[in-house]
Amino acid sequence: MTADSEEVEPGSRSAGYRSRTAVLFALAEIVGKLASFAMFAVATRVLGPDGFGEFSWAMGLGMMAASFGMFGFDMALIQLGGATPSKTANYLTSSVTLRLSIAAVAVTALALWPLQIEGSKVVLLLMALAMSLDNISLAVRSAAGVLDKQRGAAVNIIIQRVAIAAIAVGVLLAGGGVVGMASAYLAGTVIGTVAMLILAHRIGATPHVRNLTWQDTKALTIRSILPGAANTMNMQTTRVDVIALARGGNYTNVGYFSSAYKLMETSLFLSDSLIRAAMPAMLYAKEPPEIGRILRTFFATASVFYLPLVVVFLARGEQLLALLFGSEYGTGGYTTLIALAWALLALVSLSVFTTALLVSNHSADVAVVAGVTMVVKLSIVWPLVDRWGSLGAGIAVAIAFTLQASLLFWRLARHGSRPRFGVSLLPAVVGGIAMLPVLLTGLPLIPALIAAGAVYTLLWALAAHHFDPDSLARVRALIKK
């Protein structure tokens with residue numbers, strides 16, 4: 001019997017189990033992200049900036065449409081299921097039913113609406129279908145989190161992303177173009193969704209018509225309104241950049257921006273894994289200060305990876321983009337990556353702050369902050385894009401994410417869950433400063449990264465040993481596992 005199929009009281013897992021789960025999710029995210037990254041690396045070269053920009057435009061607009069089907073059902077399921085774990089299957093059934101109904105309306109609207117838009121509507125519809133199906137997988141992952149049986153979800157992340165990448169690369173190399181890549185993305189998503197539904201059955205949360213009740217669906221809908229408003233506004237805020245850049249059919253700028261954004265976004269595998277592993281502990285925290293302590297641990301661990309990564313983006317971002325996506329992306333996307341380097345730190349912060357507020361039933365705060373951020377983003381992105389193109393889009397992202405993270409931190413502090421960092425971030429800062437001169441030498445990229453990594457590791461370890469031994473112990477434990 002697997003660990004995920006065992007009967008266990010939600011929230012009662014040991015610290016060792018949670019640490020191992022975090023490592024498993026991190027490994028799954030690494031494998032999945034590498035597969036996706038390989039796919040996009042091939043796509044950027046085969047399709048060129050214009051074709052890759054068209055695909056990115058369709059993916060972004062498809063995600064915006066799918067966000068209405070995602071709404072706030074994940075967090076509503078977590079909140080309601082956390083209060084009554086025995087009804088998780090009912091809430092998951094209601095969630096899947098609502099998602100499919102909204103997705104049908106959204107995709108049909110895209111198909112019938114006579115939009116005067118640039119690009120292929122076929123690609124847009126394929127991506128909207130794929131993103132809507134992926135919402136089902138997200139619903140199952142939320143149910144697994146409630147039941148504290150998340151390891152199967154980590155395996156399914158690998159299944160879906162490897163399937164998408166393998167099919168897409170084959171189609172691209174065969175000359176399938178943008179439409180072929182979108183079709184491959186949909187096919188791989190179908191495989192991943194089926195795998196997630198099988199997992200739901202294994203953990204005892206099968207979505208089935210017998211579990212569908214009006215009372216549970218109503219409760220889920222009402223509870224989802226505030227987080228749903230926040231989620232929908234966040235998605236429009238995050239993806240509006242590609243819409244602004246694509247005006248007039250200029251997909252080349254979309255391609256440059258998307259390559260830099262993809263590099264930044266790929267690095268989120270660690271923060272996603274840490275947040276997912278910490279979510280049950282935050283959900284079942286007894287007092288607000290306990291959430292603050294969990295957040296402090298999160299940032300002390302995440303900073304070990306993200307602060308040096310930002311230094312690399314700033315110092316060698318142009319060469320890194322050229323190596324991964326092609327030389328034209330290095331020259332076209334480097335300035336955008338500089339702006340997105342700061343945005344990365346803000347995005348990691350706002351992601352964990354959002355989760356902490358939602359699981360502690362402060363959805364109204366998240367919704368209001370998302371609304372304020374959306375208004376600010378929509379007011380600045382168009383003039384910035386008109387003036388500086390893809391760089392302007394990157395600046396708009398950095399401003400919006402920073403504002404959102406700051407407001408969420410303020411709300412957490414008001415609710416008594418403010419993380420008190422002390423000197424927990426200092427070791428990563430010391431290591432990051434020490435590695436900068438190495439990156440700025442004339443060494444080729446790969447030797448420079450290796451040398452800088454060695455310097456960073458040494459200086460971080462020495463500083464952590466002196467200022468934050470707990471952080472050093474956690475990282476050692478993760479490496480051993």
Side-chain angles (χ1 to χ4, degrees), residues 11 64 67-68 70-83 91 95 138 142 145-146 219-240 268 271-272 274-299 302 343-380 396-421:
M64 291 173 74
S67 68
F68 293 98
M70 183 190 303
F71 202 53
F73 300 131
D74 287 332
M75 191 51 59
L77 190 156
I78 289 170
Q79 292 174 349
L80 292 171
Y91 295 129
S95 177
L138 293 175
S142 298
V146 169
L220 186 80
T221 302
I222 293 173
R223 186 61 70 96
S224 70
I225 291 174
L226 287 175
N231 179 68
T232 304
M233 288 186 289
N234 282 336
M235 185 60 70
Q236 314 316 307
T237 300
T238 303
R239 301 299 169 180
V240 71
L268 295 177
S271 63
D272 289 346
L274 292 174
I275 291 171
R276 196 171 295 116
M279 189 271 292
M282 291 192 287
L283 179 62
Y284 296 105
K286 304 299 183 183
E287 300 291 339
E290 187 176 345
I291 293 179
R293 288 190 289 272
I294 295 169
L295 291 173
R296 181 188 186 279
T297 300
F298 169 88
F299 279 103
L344 173 61
L345 298 179
L347 180 56
V348 170
S349 301
L350 75 86
S351 297
V352 72
F353 292 158
T354 297
T355 301
L357 284 167
L358 289 176
V359 299
S360 54
N361 294 306
H362 296 301
S363 302
D365 294 298
V366 175
V368 171
V369 169
V372 171
T373 305
M374 183 181 71
V375 171
V376 172
K377 178 67 173 291
L378 293 176
S379 68
I380 64 175
V397 171
I399 293 173
F401 284 171
T402 301
L403 172 65
Q404 191 169 8
S406 301
L407 292 175
L408 290 170
F409 181 85
W410 168 59
R411 296 313 301 162
L412 273 170
R414 290 296 299 269
H415 292 301
S417 298
R418 175 183 178 180
R420 303 194 178 278
F421 298 112

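By convention here, the first residue in the shown sequence is residue 1.
Atoms CE and CE, from Met64 and Met235 in turn, are 9.0 Å apart once rounded to the nearest 0.5 Å. The line from CE of Met282 to CG of Leu295 is 6.0 Å long, rounded to the nearest 0.5 Å. The distance from the CH2 atom of Trp410 to the NE2 atom of His415 is 9.0 Å, given to the nearest 0.5 Å. Atom CD1 in Ile78 sits 4.5 Å away from atom OG in Ser142 (nearest 0.5 Å). Summarising the geometry, atom CZ belonging to Arg420 is positioned 11.0 Å from atom CZ belonging to Arg293; distances are rounded to the nearest 0.5 Å. Interatomic distance, CD1 of Ile294 versus CD1 of Ile275, reported as 12.5 Å (0.5 Å rounding).
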Item to check | Residues Leu344, Leu268; criterion side chain to side chain contact (heavy atoms under 4.5 Å, CB included); working and verdict | outcome: CA-CA 8 Å; Leu344 173 61; Leu268 295 177; 3.7 Å; yes
Checklist entry - So Leu357 and Val369, side chain to side chain contact (heavy atoms under 4.5 Å, CB included) or not? Walk me through it. => result CA-CA 11 Å; Leu357 284 167; Val369 169; over 6 Å; no
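Counting heavy atoms from C-beta outward, Leu220 and Ser95 have side chains that approach closer than 4.5 Å. At a threshold of 4.5 Å between non-hydrogen side-chain atoms, the residues Met75 and Leu226 do not count as touching. Here the side chains of Asp365 and Leu407 are not in contact, with every heavy-atom distance at 4.5 Å or above. Looking only at side-chain heavy atoms (C-beta outward), Phe73 and Leu138 stay at 4.5 Å or farther from each other. Two residues are said to be in side-chain contact when any heavy atoms from C-beta on lie closer than 4.5 Å; Leu345 and Phe401 fail this criterion.
Of all heavy-atom pairs between Leu358 and Gln79, the closest is O-NE2, 2.5 Å. Minimum interatomic distance between Leu408 and Leu350 (heavy atoms only, all atoms of both residues): CD1-O, 3.7 Å. What you find for Thr373 and Ala400 is that their closest heavy atoms are CG2-O, 3.5 Å. Between Ala229 and Phe71, the shortest heavy-atom distance links the atoms N-CE1, 3.9 Å. When every heavy atom of Thr402 is checked against every heavy atom of Ala346, the shortest pair comes out as N-CB, 3.7 Å. Residue Ala343 comes nearest to Ala398 through the heavy atom pair CB-CA, 3.7 Å, listed as atom of the first residue, atom of the second, then distance.
Exactly one of Gln404, Arg239, Lys377 qualifies for a side chain to side chain donor-acceptor pair (under 3.5 Å) with Asn234. That residue is Gln404.
Between Phe353 and Phe298, the ring center distance fails the sub-6.0 Å criterion.
With hydrogens and angles disregarded, a donor-acceptor distance shorter than 3.5 Å links the side chain of Ser379 to the backbone of Val376.
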